[in-house]
Structure formats: structure tokens, C-alpha cells
> 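Okay, here's the structure, questions in a sec.
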Amino acid sequence: MITYDFDLKIFYSTLINDDIFFGGFGTKALGDGRNIDTSINFFRENIPNFKTIVIPEQIHSVNVTTFSANLIDNVERVSETDGVITKDHNSVLTVITADCSPMMFVDKKNGIVGISHQGWRGSVKRLGQRMIKKIIEVGGKKENIMVAIGPSIGQCCYDIDDERYYEFLEEFEVFADKIFHRHKGKLHLNLALLNYLQLKEIGLPAKNIDHFPFCTCCDKKRFFSFRRDKKIEYGEMLSFIVKSV
Ligand SMILES: [Zn+2]
């Protein structure tokens, strides 16, 4: 279940958060995720042994990096990657999004956490499935992996052109009935559902997946949205996950 924490101004998944694992999907109220000082202050206040914030470059790739902290820096940047996994304690994995779909992963039994950012490019190339494979490579087990899919643009607001439609159709014809909808003569894509179906396709049980009922573009009060605000100033939401001690 996805729940809101009024004090921290984040949404979180009850599949993920407990005494050791702490993940969150930030809101507008938390501030612009591109502001690293805001993020560091938040982690210092809320993670007792906060060590490092891990910031992937986010180039709309399907590259996944296994991260291990060097114990020196508070800020570690990972180049050319959109997915990060770690077995570290207190290294906070982050992504920023404004309409794209953030996902967080945890295998509690094997002590692995992960985070990824998928816009249309990462979704069409199955980044979520690559994350699962990478977690298994470092010792995770499919039946233990829990995933929370964060706030992204809903199918209500995500219309796509023909070129994009055929690109998705070629890859996901089997899901076509579920992920495409026609609205006022335009084709719309359900990005979050597509990512959910990919997780099911690779063998994750439905009970291991939490997902979001909101649309970043519709919900102006809670979320930043690139599509809605690109002509004016827009921000990005911070998402994070950490295994603490
Ligand atoms: Zn919408």
C-alpha cells in the first residue's frame, strides 16, 4: 500500500519501509530534487547514520550500476546510468523525476536495495526487468524482491504520437489492450501500468508490487510535472531508498 507521511512530505510503500529499509517518493512540498543541499539536509535529519547520497546521471538509458561507497564523500555521482543497486548500509540511492516513472526495489532477506528512473525510453527497453536481473546477479531472489512504482504521468495526460505508439506496439503487442487508450482522437499510454506488467512478465508476484494512484500532470498541488510546466519553471521530485542500521 502507498501511504503519505505528513511530517516528512513523502509517499512511501508499506511493502518497503520498516525499521531497516527506508524509501520515499518526494512531493512538491519536499522541494525540488535537483537541489542537493535540500536532499542532504533531509537525509541528515531522517537517517540516523546517513553516509552518502548516490546520484545517477540519468541519461534515459537502461544501464544499471552496482554501487559501493568509498566512505569519503557525502555525494557520489554515478555517470551514464539510470538504475543503481547496492548492498551498502546508509548509502542513499536517489533519482529525480517529473512525469517519468521512478521505481524502488528491495530484497530484505539478502540486504539489497535499488532504484531506477524510466521515462518512455527506459520503459520501452525494459529497465525494470534489467533491475530485477541485476539484483538476482548479486544474490537476490525473485520471490523476495519488492518493488514500488512511484508517481508518474497518468494515461489521462500522456498522449503519444504515431511514431512512439508503433515503437511501443512492436515491443509490447501482448499488452496493447491494457496500455493504450484513445482519448479525443489521440493515443494515450499508461506508463506505470506498462512498467508493472513488465515486472509481472519477468515473474514477480503481484503481491510484491506497489503502485501509485496519482497522475503527476493532473495533481498540481502535490507533484512537479515536466509536461505540464515545461513552458514555465518546473521542478523534479526526489525519490530515494536506503538500507540503514
Ligand atoms: Zn493526468
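First listed ligand is number 1; within each ligand, the first listed atom is number 1. Because the structure is predicted, anything quoted here is derived from the model rather than measured.
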> I'd like to know whether N195 forms a side-chain hydrogen bond (donor to acceptor under 3.5 Å, both in side chains) with R126, so could you lay out the CA-CA distance, the side-chain angles of the two residues, the decisive distance to 0.1 Å, and finally the verdict.
CA-CA 8 Å; N195 281 302; R126 294 181 156 85; over 6 Å; no

> Just checking, R222 and F214: is the charged tip under 6.0 Å from the six-membered ring centre and within 45° of the axis?
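Geometry flag: set, cation within 6.0 Å and 45°.
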
> Count the heavy atoms of every other residue, nucleotide or ligand shown that sit under 6.0 Å from CG of D19, and state whether that count exceeds 12.
no

> Between the side chains of D82 and S116, is a donor N or O closer than 3.5 angstrom to an acceptor N or O?
no

> When you compare the side chains of D107 and N110, does any donor N or O come within less than 3.5 Å of an acceptor on the partner?
yes

> Rounded to the nearest 0.5 Å, what separates atom OH in Y196 from atom CG in L199?
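Rounded to the nearest 0.5 Å, the OH-CG separation comes to 9.0 Å.
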
> Excluding waters, which protein N, O or S atoms are within less than 2.8 Å of the Zn ion (ligand 1)?
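The answer, once waters are left aside, is C156 SG, C157 SG, C215 SG, C218 SG.
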
